[in-house]
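I have placed the structure first, in the form of C-alpha cells, so that the comments after it can refer back to it.
Throughout, a chain's letter reflects where its sequence line sits, starting with A, and its residues are numbered from 1.
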There are 2 protein chains.
Amino acid sequence: MTRQALTMLGKLIRIGRAERGLTAQELADRAGISRTTLSSIEKGAPGPEIGTVFEVVSLVGLRLFESDERMLQVYNFRLDEKLTLLPKSVRHAVKEVDDDF
Amino acid sequence: MTRQALTMLGKLIRIGRAERGLTAQELADRAGISRTTLSSIEKGAPGPEIGTVFEVVSLVGLRLFESDERMLQVYNFRLDEKLTLLPKSVRHAVKEVDDDF
DNA sequence: GCTTTATGACCAATCTAATGAACAAAACTA
DNA sequence: TAGTTTTGTTCATTAGATTGGTCATAAAGC
C-alpha cells in the first residue's frame with residue numbers, strides 16, 4: 001500500500017509537470033535537485049527525501065492534503081491544540097497490549 | 001509551504017500514534033526504523049526517506065489521499081490512462097517559454 | 001512521594017541517497 | 001527522413017541520513 005501510494009504520487013507529479021509544460025531538467029532546477037533524483041521521484045522510488053518530494057509536489061501544484069496554504073496554517077494550529085490535550089507520553093499497563101494484526 | 005506540510009504530517013503521525021497507544025519504540029519497530037528516525041519524522045524533518053514516512057503514515061492509519069486502498073488501485077489505473085494520452089516528452093518551441101514567476 | 005518508563009537530544013560509525021556526467025534510445029519538429 | 005531535444009539509465013564520488021548507544025529530563029502509575 002505504501003508502494004502504491006508512492007507510484008501514484010510519482011504519476012501525479014509526472015502529469016502535473018506535463019500539464020505545466022516543464023521538462024524534467026527545468027522542474028529539477030526549480031526544485032534544486034538533479035534530474036536523476038526527479039526521475040526517481042516520478043518513478044515512485046521510496047528512497048528520495050520527503051522534503052524534496054514535497055517541494056516538487058508543491059511546484060507542480062499538487063495538493064496532498066486537499067487544502068491550500070492558509071488552510072494548512074489553520075489546521076496546523078488545531079493540531080497543536082489536539083497535541084496539548086494528549087498525554088505527553090504513551091504509557092503501557094503492566095500487561096501488554098494485544099492489538100497486533 | 002513544504003515545511004508546513006511536513007510539520008503538519010509529523011503532528012498527524014504523533015497524534016495517530018498516541019491514539020493507537022503505541023510508544024515511539026514500538027512504532028519504530030513496526031516500521032523497521034530506529035526511534036531516532038521516527039523522532040525526526042514526527043518533528044517534520046525534510047530528510048527522512050519518503051518510503052519510510054509513508055510506511056509510518058500507513059501504520060498509524062492516516063490516509064494521505066483521503067482514499068482507501070482499493071481506491072488507490074482504481075485511481076492509479078486512471079492515472080495510467082491519463083499518462084498514455086499525454087505526450088511522452090515535453091517539448092519547447094524555439095522561443096523560450098516565459099512563465100517564470 | 002517514589003519508581004519506572006517514555007521521550008528528547010546528542011554522538012561517531014555506517015549505510016545509502018544525491019549528484020553530475022555520460023551514453024543510448026525514444027520522441028517531437030521541421 | 002534528418003536533426004534536435006527529452007528522457008531513461010548507469011556509475012563513481014560526494015554528501016547526508018540512519019543507526020545504536022547513552023544521558024538527562026519528564027511524565028505516568030503505584
Minimum heavy-atom separation for Arg20(B) to Val60(B), with atom names? NE-O, 3.4 Å
Figure out the CG/P separation between Asp29(B) and dT7(C), and round it to whole Å. 12 Å
Ignoring the backbone of Lys43(B), work out which of dT6(D), dA9(C), dT18(D) is nearest its side chain. dA9(C)
Go through the structure and list residues passing salt bridge (charged side-chain N to carboxylate O under 4.0 Å, His left out) with Glu55(A), not counting sequence neighbours. none
Between dT7(D), dA18(C), dT18(D), spot the one nearest the side chain of Ser34(A), thanks. dA18(C)
Side chain of Pro48(B) only, please: which of dG8(D), dT18(D), dA18(C) is the nearest? dT18(D)
Where the side chain of Thr23(B) is defined as all heavy atoms beyond and including C-beta, which of dT16(C), dA6(C), dT7(D) is the nearest nucleotide? dA6(C)
Distance (rounded to the nearest 0.5 Å) between Arg35(A) CZ and Asp29(A) CG: 10.5 Å
Report the distance from atom CD1 of Ile50(B) to atom P of dA17(D), rounded to the nearest whole Å. 15 Å
Report yes if a donor N or O on one partner sits less than 3.5 Å from an acceptor N or O on the other, where the partners are the side chain of Arg35(B) and the base of dG8(C); otherwise report no. yes
Quick one: label Gly51(B) by what it contacts on the DNA or RNA (base, sugar-phosphate, nothing), any heavy atom closer than 4.0 Å. nothing
How close or far is atom P of dA17(D) from atom CD of Glu49(B), stated in whole angstroms? 11 Å
Between Thr37(B) and dT19(D), is there a side-chain N or O to OP1/OP2 distance below 4.0 Å? yes
In terms of side-chain heavy atoms of Arg17(A), which of dT7(D), dT16(C), dT19(D) is nearest? dT7(D)
To the nearest Å, how far apart are Ile41(B) CD1 and dG8(C) C1'? 16 Å
Starting at atom CD of Glu42(A), determine the distance to atom P of dT6(D), rounded to an integer number of angstrom. 14 Å
From the candidates dT18(D), dG8(C), dG8(D), the one with an atom nearest any side-chain atom of Arg14(B) is dG8(C)
Looking only at heavy atoms, the pair that brings Thr2(B) and Ser58(A) closest together is OG1-CB, 4.1 Å
Nearest-angstrom distance from the residue atom CG of Leu27(A) to P of dT6(D): 14 Å
note: Leu38(B), atom CG; dT18(D), atom P; distance rounded to Å ~ 11 Å
Please report the shortest heavy-atom distance between Gly51(B) and Leu6(A), naming the atom on each side. CA-CD1, 3.9 Å
Let me know the distance between CD1 of Ile33(A) and P of dT19(C), rounded to the nearest Å. 6 Å
Proximal nucleotide (of dT10(D), dT7(C), dG8(D)) relative to the Thr36(A) side chain: dT10(D)
